Each structure stands twice: as structure tokens, then as C-alpha cells.
Amino acid sequence: RCLDCLDDVYRCAGCTVDSHRSSPLHQVEEWNGSFFERRGLDELGMAQYFPAKFSQPSTVFTFSLLNHFHLSTLQSKVAAYDYFIVLKHLSNNVFPELVPERYRELLRVVHVWRYLTSCKRSGQVHGIDTVFDHHKKGSLVTKCHACPEPHFNMPPNWENTPPNKW
């Protein structure tokens, strides 16, 4: 069952995960035979993990958490530390000081996550340099397709266009 959903419906683990694709921070409990026990959606099989360290990873962050953090910092301008404190309270609101201190790991992972996201959005992951020969090699800048670029979205002999036609 989900403590945050309004429908108050009991579901199997698979259906709970499917219904929470867009609500990764909801608090879920699972019946263990005697009582409801708190579970993370990742424990039910939802999450993809991103390691905090690449050599001997012992701490991981979910992709959905990193996406949520990215959107939160873009839209509400929340500071990383404030976001981390909220995560601690979501993990254990009664004793947040008992939640392990993983702030430095969060900052490191966010740095790498943003770099990888830039690589994906720029097309470098998909070999964009081989498709657009006018594109600066290795550039992570996302091209604006509305901006005029010779040999891409401008007609041939554009240089000879009379000034009154600009």
C-alpha cells in the first residue's frame, strides 16, 4: 500500500511499481505476514541505480531521484544541501540525524549525472559529429535549429542575398 496515494488501494509489488513511475518519492509499505513494513520502491524492483563511486561502490542513487533533483534545482532553485535535508526527512522524519550523511556523494553523482545528461542531449552519445559535419567536434552545446547556419538551414548562395531581403 502507498501512504501518499489518495486511492487507498492495496496492490501487488509489480502493480505498485507501475503505478508509481511518476511518483518515486511516495512512501510504500508491504505486508510481511504480521504487519505493514516500510519499503522503498527500489526494493520492489522499480529503480535503476547510479553508483556514488565507480571503484567499490557502496552507495547508490536512483535515476528517478537524480531526475527529480535536476528538475527541482532548475524550477525552484533549491540548493543541493536543502534538497539533501528534505531527503533525510523523507527517509526518517522522526530521527533524520540517524540517516547516513551522503551529501558529498550526492554532489559528486549530480556532477557526473549532469555531464552525462549533457552528452546525451547534445547528441554526442549518438555520434552526432558523423551526421552533422558542420557541427563542432565533441561539442556539448545543444544546437538551435532556428539559428541560421550555412550548409545546414540556409539556402545556397545566401551570401548574395540583397540586404533589403534580410
Side-chain angles (χ1 to χ4, degrees), residues 1-30 36-129 131-132 135-136 138-147 149 153:
R1 71 179 181 184
C2 177
L3 300 176
D4 296 315
C5 287
L6 299 176
D7 59 8
D8 201 27
V9 175
Y10 298 110
R11 296 183 174 95
C12 69
C15 292
T16 300
V17 167
D18 287 342
S19 67
H20 284 82
R21 295 270 177 222
S22 61
S23 306
L25 298 177
H26 277 199
Q27 298 179 34
V28 177
E29 293 182 335
E30 183 179 35
F36 281 101
E37 192 173 5
R38 186 151 178 212
R39 294 274 185 247
L41 286 165
D42 58 331
E43 295 175 274
L44 301 177
M46 178 172 164
Q48 291 176 291
Y49 297 111
F50 196 91
K53 292 190 299 186
F54 294 109
S55 62
Q56 300 178 344
S58 58
T59 302
V60 293
F61 295 92
T62 63
F63 281 34
S64 58
L65 178 120
L66 293 170
N67 280 325
H68 188 268
F69 173 81
H70 182 73
L71 291 174
S72 295
T73 56
L74 286 178
Q75 289 300 311
S76 63
K77 308 298 185 216
V78 66
Y81 186 75
D82 294 331
Y83 187 85
F84 178 73
I85 296 301
V86 169
L87 286 178
K88 286 179 76 163
H89 283 278
L90 285 173
S91 298
N92 187 345
N93 199 29
V94 178
F95 299 109
E97 63 276 0
L98 297 179
V99 177
E101 192 67 33
R102 301 286 187 233
Y103 178 62
R104 288 171 121 346
E105 288 91 341
L106 176 65
L107 292 180
R108 182 183 313 117
V109 167
V110 165
H111 184 75
V112 173
W113 178 261
R114 286 185 173 159
Y115 171 73
L116 293 174
T117 303
S118 296
C119 288
K120 181 181 81 172
R121 290 184 180 152
S122 70
Q124 291 298 326
V125 173
H126 307 290
I128 195 79
D129 293 339
V131 177
F132 296 123
H135 193 269
K136 184 177 178 186
S139 175
L140 295 182
V141 176
T142 306
K143 288 291 190 183
C144 174
H145 295 290
C147 291
E149 280 190 56
N153 59 359

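The model shown is predicted, which means the values in this text are computed figures rather than measured ones.
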Show every donor-acceptor pair shorter than 3.5 Å between a side-chain atom in residues 98-112 and any protein atom, with sequence neighbours excluded, or say none if there are none.
{"from": "Glu101", "atom 1": "OE1", "to": "Lys88", "atom 2": "NZ", "distance (Å)": "3.1"}
{"from": "Arg102", "atom 1": "NE", "to": "Thr59", "atom 2": "OG1", "distance (Å)": "3.2"}
{"from": "Arg108", "atom 1": "NH1", "to": "Ala52", "atom 2": "O", "distance (Å)": "3.3"}

Taking salt bridge (Lys or Arg N to Asp or Glu O under 4.0 Å) as the definition, give me every residue that meets it alongside [X], ordered by chain and number, with sequence neighbours left out.
X     : value
Arg1  : Glu29
Asp18 : Arg21
Asp7  : Arg11

Open item on the list: Assess the residue pair Phe50 and Leu116 against the criterion (side chain to side chain contact (heavy atoms under 4.5 Å, CB included)); give the C-alpha distance rounded to whole Å, side-chain angles, the decisive distance to 0.1 Å, and a yes or no.
Closed with: CA-CA 12 Å; Phe50 196 91; Leu116 293 174; 3.8 Å; yes
TODO: Could you pull out the closest heavy-atom pair between Ser91 and Arg38, with the gap in Å?
DONE: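 Taking every non-hydrogen atom into account, O-NH1, 3.2 Å.
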Could you state the interatomic distance from [atom1] ([X]) to [atom2] ([Y]), rounded to the nearest 0.5 Å?
X     : Y     : atom1 : atom2 : value
Leu71 : Thr73 : CG    : OG1   : 7.5 Å
Phe61 : Phe69 : CZ    : CZ    : 10.0 Å
Leu65 : Leu87 : CG    : CG    : 5.0 Å
Glu30 : Cys12 : CD    : SG    : 10.5 Å
His26 : Asp4  : NE2   : CG    : 5.0 Å

- [ ] On the 0 to 90° scale, with breaks at 30° and 60°, tag the Phe84-Tyr81 ring pair as parallel, tilted or perpendicular.
- [x]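 The rings of Phe84 and Tyr81 sit tilted, inter-plane angle from 30° to 60°.
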Open item on the list: Can you list everything that forms a side chain to side chain contact (heavy atoms under 4.5 Å, CB included) with Asn93? Sequence neighbours excluded, please.
Closed with: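 Scan of Asn93 (side chain to side chain contact (heavy atoms under 4.5 Å, CB included), adjacent residues dropped) gives His89.
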Open item on the list: Going by the rule side chain to side chain contact (heavy atoms under 4.5 Å, CB included), which residues pair with Ser72 if we only count those two or more places apart in sequence or in a different chain?
Closed with: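 For Ser72, the residues satisfying side chain to side chain contact (heavy atoms under 4.5 Å, CB included) (neighbours in sequence not counted) are His68, Ser76, Val78, Tyr83.
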Open item on the list: Please determine whether side chain to side chain contact (heavy atoms under 4.5 Å, CB included) holds for the pair Tyr49 and Thr62, giving the CA-CA distance in whole Å, both sets of side-chain angles, and the decisive distance to 0.1 Å.
Closed with: CA-CA 5 Å; Tyr49 297 111; Thr62 63; 4.0 Å; yes
